[in-house]
Every structure is written in C-alpha cells, then in structure tokens.
Amino acid sequence: MLDTIITALLPIVVTLLLGYFAGHRHDFNKDQATILNRMVMLYALPLLLFAGILSTPLKEIINNIDVFIWIFIGMVAGFLLVFLISRFIFRSDSRLAALRAIAIAGPAVPFVGTPVLGVLFKIDADIAIAVGSLLMNLIQVPLALVFLVGTDDENGKNKKSAFTIIGNSIKNAVIQPVVWAPILAFILLLIGLDMPKSLKGSFLLLGQATGGVALFAVGAILYVQKVSFSLPVIINVISKNILLPLIILAIMIAFAVPPIERGLVSVTLAIPTASIAVIFAVEYKTGEQEMASTLFWSTLLSVITMGGFIAFTGS
C-alpha cells in the first residue's frame with residue numbers, strides 16, 4: 001500500500017518543486033506558466049481525454065455511471081452548499097462566497113488527476129477526469145460567474161441578467177477543446193467506433209505531457225503568489241482536502257457503493273483546489289490572497305490528505 005501511495009504522489013511533489021525552483025530562478029514567470037497551462041487545456045489534455053475515452057470499451061463507461069453521479073453530487077451539490085454556508089452563515093459577500101465554493105468543490109482534476117488517478121485506476125481514470133472537467137466547465141464556472149460578474153458601471157445600468165451570464169458562459173465552455181473532445185469521443189463510442197491502435201500513439205505523444213507540464217506550471221505560479229495563513233484559508237483547505245470528500249465517502253458507504261467506485265470518487269474529490277479560483281479572484285479583484293493561499297496550502301498538503309484517502313479506501 002505504501003509503495004502505491006508513493007508511486008502515485010511522489011511525482012506530484014517532485015514536479016511541483018521543480019516548477020517552484022524554476023520560478024525561484026526566474027526561468028519561468030507567471031505569464032509563461034500561464035502559457036504552459038493554456039497549452040495543456042487547449043491541446044494536451046483534450047488529446048489525452050479523447051484517446052482515453054475512445055479506447056475504453058462502451059460497457060466499461062456504462063458500468064461507471066455511478067461514478068458520474070457521485071462526482072456530480074460532490075462537485076455541484078458541494079458548490080451550492082459551500083456557497084450558501086459562506087454567504088448566509090459566515091456573511092461573506094456573493095463574490096467571495098462564489099470563489100470559496102469553486103475553491104472547495106472544484107478539484108484540479110485535469111492537472112493532478114492525470115498522474116494520480118492514472119496510476120491508481122488505470123481503466124477508469126479518464127472517465128473521472130472527463131467528468132470532473134465537464135462539471136467544472138459546464139456547471140461550476142457558469143454558476144460562479146453569475147455572482148462574480150456584477151455591474152459593468154457604477155450606476156449598474158449595464159448589469160447583465162443571470163440567464164445572459166449563464167448562457168454566455170456555457171457557450172464559451174462548450175467551444176473549449178477540454179469540453180467537446182470527451183463529448184465527441186463518447187458520441188463516437190455510442191455509434192460503434194473506437195480508437196485505432198495505430199492512431200492512439202499520435203494522440204498520446206502530447207497528451208501524456210498533461211500532468212507533468214500542468215504541475216510544473218502550478219509550481220512556478222505558486223512561487224510568485226503572496227501566500228498567507230489565516231482562518232479563512234485554514235477552513236477552505238480543511239473543507240477542500242478533507243471534509244467534502246469525507247462526507248461524500250461516508251454517504252457512499254451508507255449506500256453500499258462498491259469499494260473501487262468509493263475510492264475513485266473520494267480520491268478525485270480530494271484532489272487539491274483548481275487554479276480557476278485564483279484566476280477568477282485576480283480577474284474580479286476579490287479575495288486574491290485568500291484564493292492564492294488556499295491553492296498553495298491545498299496543493300502542498302494534498303500529498304498527505306490524498307495519501308490518507310488512498311490508504312483508507314484501499315485504492
């Protein structure tokens with residue numbers, strides 16, 4: 001078990017530290033790291049998801065419909081629950097509540113999921129990564145933008161309606177390769193096509209760079225962020241890395257979900273905070289330091305917390 005955990009998580013530590021070291025040496029600045037992330041999201045990850053899903057037997061995907069449902073509950077119901085608690089119990093404004101919701105309920109599945117889930121769940125990893133990416137882009141991001149956009153001028157004359165914001169966000173999400181590539185792969189599976197072995201290598205040559213490049217870029221970005229250690233950050237990190245995946249795991253145990261599915265879902269939800277929280281915080285000038293610190297500590301401590309979930313679920 002210890003060997004499995006080390007095999008899955010040690011590459012994260014090494015690659016993050018290399019990225020952090022590169023930032024310290026000024027070999028890569030924040031803008032250059034952002035370009036690396038853009039390459040991952042536009043090319044490497046879509047190719048990996050497309051090849052992975054199209055290479056998976058349709059029966060295997062159908063058998064994993066429960067995985068989709070439980071990840072949906074964790075990410076979507078989790079987002080709504082965190083937003084309501086932050087907004088009405090902790091009395092945060094709507095923008096900060098939305099950022100906390102996506103920071104806690106939005107795991108960095110496209111980045112961390114590839115090196116971790118790919119080692120632990122060789123067959124089902126691509127399904128979980130695709131589901132997490134779809135839910136974040138099609139549901140979480142539009143919901144967050146509803147509360148982040150606000151007014152365009154001081155008098156609020158150009159304020160956009162929630163329907164307009166959601167519609168524009170979904171439209172922008174659907175045209176992203178990380179969204180339509182796995183959808184297209186699933187459609188091709190439904191009509192009876194699969195990935196030719198001679199073509200799979202062409203997709204995976206760049207696709208396999210996804211995890212390493214993304215984690216390296218995150219390490220470089222973390223170096224330039226102003227990191228703090230405050231009560232809100234502590235609450236965010238504990239909620240993201242421990243409480244949310246633990247609650248979903250407890251519910252799955254109560255519903256007698258098979259151990260393999262429990263492990264896949266809980267480890268997926270235990271993946272640290274996605275960088276979209278920091279991107280939105282900077283863009284809308286709300287909670288920048290809190291979100292950057294949440295990303296930093298969530299990522300740093302995820303080696304311990306994910307290791308705990310891997311050991312506990314026997315993944």
Side-chain angles (χ1 to χ4, degrees), residues 37 40-41 45-46 48-50 52-53 56 61-62 64-84 97-114 116-118 121 124-148 165-187 210 214 239-241 243-245 247-249 251-252 257 261-280 295 298:
N37 273 335
V40 168
M41 295 301 290
L45 180 59
L48 181 69
L49 293 178
F50 184 85
I53 292 177
T56 304
I61 293 180
I62 294 174
N64 280 280
I65 190 66
D66 287 349
V67 172
F68 173 87
I69 294 172
W70 286 109
I71 294 179
F72 179 92
I73 293 173
M75 292 183 65
V76 178
F79 180 98
L80 296 174
L81 181 62
V82 172
F83 176 84
L84 292 174
L99 287 174
R100 287 172 176 169
I102 202 168
I104 292 172
V109 177
F111 300 154
V112 182
T114 301
V116 175
L117 301 180
F121 310 94
D124 304 324
D126 291 327
I127 298 171
I129 295 170
V131 169
S133 301
L134 289 173
L135 291 176
M136 176 168 287
N137 285 281
L138 290 178
I139 299 180
Q140 287 187 336
V141 167
L143 284 177
L145 286 174
V146 169
F147 301 102
L148 288 169
I165 297 169
I166 291 175
N168 289 338
S169 183
I170 292 177
K171 181 179 70 175
N172 292 333
V174 169
I175 64 176
Q176 297 298 318
V178 74
V179 174
W180 62 255
I183 293 177
L184 176 60
F186 184 69
I187 292 173
T210 297
S239 300
K240 171 73 204 73
N241 288 32
L243 289 183
L244 180 60
I247 290 171
I248 299 300
L249 177 60
I251 296 173
M252 287 191 292
V257 176
E261 294 178 6
R262 291 203 305 257
L264 176 58
V265 172
S266 60
V267 173
T268 299
L269 295 176
I271 287 172
T273 296
S275 58
I276 189 67
V278 179
I279 294 171
F280 279 167
L295 174 64
S298 174

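The residues of the chain are indexed from 1 along the displayed sequence.
- In this structure, the side chain to side chain contact (heavy atoms under 4.5 Å, CB included) partners of T273, at least two apart in sequence or on a different chain, are A103, K240, A277, T294, L295, S298.
- Scored by the side chain to side chain contact (heavy atoms under 4.5 Å, CB included) test, P182 finds L49, I53, A130, L134 as partners (sequence neighbours excluded).
- Annotation: side chain of L148 is in contact with side chain of L99 (closest heavy-atom distance under 4.5 Å).
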- Evaluate the side-chain contact (heavy atoms from CB on, under 4.5 Å) criterion for residues L244 and L81: first the C-alpha distance (whole Å), next the side-chain angles of each, then the deciding distance (0.1 Å), finally the verdict. CA-CA 10 Å; L244 180 60; L81 181 62; over 6 Å; no
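- Among residue pairs with one or both ends in residues 98-107, those qualifying as side-chain hydrogen bond (donor to acceptor under 3.5 Å, both in side chains) are S86-R100, S92-R100, R100-E290; sequence neighbours excluded.
- The shortest distance between side-chain heavy atoms of V109 and M136 does not fall below 4.5 Å.
- Within the model, atoms CD1 of I69 and CE of M252 stand 12.5 Å from one another, a figure rounded to the nearest 0.5 Å.
- If you run side-chain contact (heavy atoms from CB on, under 4.5 Å) between V141 and each of L138, L143, L145, only L145 comes through.
- Of all heavy-atom pairs spanning P245 and S266, the tightest one is CB-O, 3.7 Å.
- In terms of heavy atoms, I102 sits closest to A144 at CD1-CB, 4.3 Å.
- Residues P107 and M75 form a side-chain contact, since some pair of their non-hydrogen atoms from C-beta on lies under 4.5 Å apart.
- When each of V131, I139, V67 is paired with F72, the side-chain contact (heavy atoms from CB on, under 4.5 Å) condition holds for I139 and for no other.
- A pairwise comparison of heavy atoms in P46 and A181 identifies O-CB, 3.8 Å as the closest pair.
- In this structure, W70 CH2 and I248 CD1 are separated by 7.0 Å, a value rounded to the nearest 0.5 Å.
- In this structure the side chain of L135 never reaches within 4.5 angstrom of the side chain of Q140, judged on heavy atoms.
- Considering only heavy atoms from C-beta on, T268 comes within 4.5 Å of I71 through its side chain.
- For the side chain to side chain donor-acceptor pair (under 3.5 Å) test, no residue two or more places apart in sequence or in another chain qualifies with D126.
- Here the CG-CD1 distance, from L269 to I247, works out to 11.0 Å after rounding to the nearest 0.5 Å.
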- Message: The test is side-chain contact (heavy atoms from CB on, under 4.5 Å); show your working for L117 and I129 and say whether it passes.
- Response: CA-CA 8 Å; L117 301 180; I129 295 170; 4.1 Å; yes
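- Interatomic distance, I183 CD1 to F186 CZ, rounded to the nearest 0.5 Å: 10.5 Å.
- To the nearest 0.5 Å, atom CD1 of residue I127 and atom CG of residue L264 are 8.5 Å apart.
- In this structure, CZ on R262 lies 12.5 Å from CG on D66, to the nearest 0.5 angstrom.
- For F83, the ring pair (Phe, Tyr, Trp, His ring centres under 6.0 Å) criterion is met by F147, not counting sequence neighbours.
- Partners of N137 by side chain to side chain donor-acceptor pair (under 3.5 Å), not counting sequence neighbours: none found.
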